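Every chain is numbered from 1, with letters handed out A, B, ... down the list of sequences. Every value quoted in this text rests on a predicted model; they were computed, and no experiment measured them.
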Protein chains: 2
Amino acid sequence: MAGDGTIGKACDVLDQVAAFARPVRFGELLEHSDFPKATLYRFLQSLTNQGMLSYDPDRQTYAPGLRLVRLAHAAWTQSSLAPIARPFLDALSRETGETVHLAQLDSGQVLYVDKRNATQPVEMFSQAGKVGPAYCTGVGKAMMAHLEPDQLAKALSQQSFYRFTDKTLASEQLLVADLVAIRERGYAVDDEEHEPGIICVACPVLTEGGRMLGAISITGSTERMSFAQLQAWVPRVRRVADQIGAEAQSWRFPETRPNGNSDRMQGT
Amino acid sequence: MAGDGTIGKACDVLDQVAAFARPVRFGELLEHSDFPKATLYRFLQSLTNQGMLSYDPDRQTYAPGLRLVRLAHAAWTQSSLAPIARPFLDALSRETGETVHLAQLDSGQVLYVDKRNATQPVEMFSQAGKVGPAYCTGVGKAMMAHLEPDQLAKALSQQSFYRFTDKTLASEQLLVADLVAIRERGYAVDDEEHEPGIICVACPVLTEGGRMLGAISITGSTERMSFAQLQAWVPRVRRVADQIGAEAQSWRFPETRPNGNSDRMQGT
DNA sequence: AAACTGAGTTCCACAATATGGAACCATATG
DNA sequence: CATATGGTTCCATATTGTGGAACTCAGTTT
């Protein structure tokens with residue numbers, strides 16, 4: 001993750017702050033940063049001014065700012081598959097009764113953009129925006145299997161290959177072999193590679209041209225079901241993934257004029 | 001919103017892109033931008049590289065990128081009141097059966113960070129991250145009423161004073177007068193100032209020191225209830241707002257080490 | 001009380017970086 | 001085929017970011 005000039009550096013700082021999963025003090029950031037004191041300081045200032053970070057004067061801590069939430073709303077609406085996929089996910093979740101995920105790839109990691117939890121009512125951000133490893137999850141592997149060679153190389157270099165379970169594919173060789181197989185058969189499986197007891201089947205969402213957009217998956221637990229049972233859903237998942245891909249291709253945003261106060265919220 | 005150097009400009013570009021509520025082409029952005037062609041181009045490049053924007057090669061359009069979603073997840077968790085307020089909002093929503101909002105102020109606008117919809121099941125981002133006007137909503141006025149003079153001045157300058165309804169307080173004078181009253185009585189009302197038929201009562205969330213953190217509100221419609229009925233909830237809203245304020249003050253994040261893969265997501 | 005410590009903030013000469021006019025290229029359009 | 005339009009690249013220039021060092025302001029220690 002090396003620099004696009006100032007912008008790249010600023011983004012690094014944002015990530016730094018976000019990486020602490022709690023508000024951080026200047027000093028703490030300084031320790032974990034490559035920037036000299038004054039430089040880091042100025043970045044924090046500017047980012048805080050811009051609302052990309054928030055500063056708590058009482059505690060003297062920095063945290064990711066609310067402006068990000070506002071921007072993310074736009075991102076989620078516009079450049080994620082979620083709005084398109086929603087009805088399909090609903091249907092899939094209803095039919096299967098299992099947990100359904102919609103994920104996209106972001107800097108080599110799986111970013112969950114939507115989810116249906118079979119049982120409990122949804123909780124907002126607690127699901128969208130979360131990240132996970134790509135090399136040991138169904139959606140992650142499904143997506144990587146359909147990357148262009150150069151993108152794949154980059155993605156591979158970003159994997160940690162930490163051995164979560166003894167079934168984890170903990171090396172590039174093992175992973176690549178699986179990716180080839182996945183590409184051939186059209187879907188990926190996660191057989192307790194990330195968490196013991198958790199299994200999953202996933203299909204990539206592709207454009208007609210073969211460009212990879214994301215992936216969807218159905219997750220189950222070994223306690224409640226066999227792998228074979230889960231695999232029986234694959235054709236259904238395939239179909240839904242294809243539908244989403246097709247929709248995404250033809251999808252056009254309704255015409256709007258620039259400064260869109262256009263999408264308003266009822267309430268006050 | 002003038003510049004903190006390069007960072008400020010980059011943020012402006014992000015906002016520009018987000019302001020179109022749809023993917024935009026280079027040329028469209030150029031029209032609405034102050035930057036010369038080459039400069040804007042380089043910004044878009046860098047931001048796209050960084051994942052702050054996403055670029056659709058098929059359509060040649062830019063949109064806010066997924067990295068924002070990831071960062072926003074952190075922002076929402078860390079610097080919004082939502083995690084703290086959640087149980088209180090749940091309770092309030094259950095008791096009243098009405099729509100409940102939690103909002104914070106972001107560059108002079110109301111940013112909704114959480115919501116309870118009495119009737120329907122929640123939909124994630126479709127609620128959090130949305131923005132609204134501050135001068136004509138309950139939460140907006142409740143928050144502005146408790147700003148420091150200089151912050152208030154800034155916020156006032158950012159209001160559009162568009163006349164949504166004939167009850168809208170469409171001038172600074174009217175608004176300021178109301179803010180004084182709100183500060184005295186401790187809560188704000190929105191009597192169809194934003195949308196016809198929509199009424200609301202709101203209380204600010206304050207620290208013990210009086211620092212304004214956000215606001216909560218209960219919204220109703222004139223069809224189903226009278227203003228008096230709604231106002232009967234004020235003491236309850238007040239109490240909840242105070243509780244959230246107190247919590248926020250004492251809240252400490254659990255100790256974590258920097259690079260937090262700490263909050264993981266079950267699933268794959 | 002004076003000296004110390006360390007976090008946070010400001011300064012400023014220097015150098016790296018962003019700038020933007022103009023030229024260029026590729027794809028639609030008349 | 002010519003022309004316009006939208007998008008991309010170049011490069012000399014100067015604006016901007018850089019970071020070492022000096023400073024300020026608590027909170028401690030001697």
Rounded to whole angstroms, how far apart are CD on B:Gln60 and C1' on C:dT27? 9 Å
Compare all side-chain heavy atoms of B:Met212 with those of B:Leu105 and state whether any distance is below 4.5 angstrom. yes
Quick one: sort the A:Phe35 and A:Phe43 rings into parallel, tilted or perpendicular, breaks at 30° and 60°. tilted
Using only atom types and a distance under 3.5 Å, with no angle test, would you say the side chain of B:Tyr135 pairs donor to acceptor with the backbone of B:Tyr162? yes
With a 4.0 angstrom cut-off to heavy atoms of chain B, pull out the first and last contacting nucleotide of DNA chain D, in 5'-to-3' order. D:dG6 to D:dG17
Taking the side chain from A:Gln16 and the backbone from A:Leu29, do they hold a donor-acceptor pair closer than 3.5 Å? no
Give a yes or no on whether the backbone of A:Ala63 and the side-chain of B:Gln78 come within a donor-acceptor separation of less than 3.5 Å. no
Rounded to whole Å, CZ of A:Phe26 lies from P of C:dG8 at a distance of 7 Å
Side chain to side chain donor-acceptor pair (under 3.5 Å) partners of B:Gln60, counting only residues at least two apart: none
Under 4.0 angstrom between A:Tyr41 side-chain N/O and C:dT10 OP1 or OP2: yes
Taking CD from A:Glu31 and P from C:dG8, how many angstroms apart are they, rounded to a whole number? 11 Å
For A:Leu44 and C:dA7, what is the distance between atoms CG and P respectively, to the nearest whole Å? 15 Å
Heavy-atom closest pair, residues A:Ser217 and A:Ala202: CB-CB, 3.7 Å
Might you confirm whether atom CZ of A:Arg185 has over 12 heavy atoms from other residues, nucleotides or ligands at distances under 6.0 Å? yes
N/O donor-acceptor pair, side chain B:Lys37 with base C:dG20, under 3.5 angstrom: no
Pairs: protein N or O with nucleotides 12-19 of chain C N or O, under 3.5 Å:
| from | atom 1 | to | atom 2 | distance (Å) |
| --- | --- | --- | --- | --- |
| C:dA18 | OP1 | A:Thr6 | N | 2.7 |
| C:dA18 | OP1 | A:Thr6 | OG1 | 3.1 |
| C:dT19 | OP1 | B:Lys9 | NZ | 3.0 |

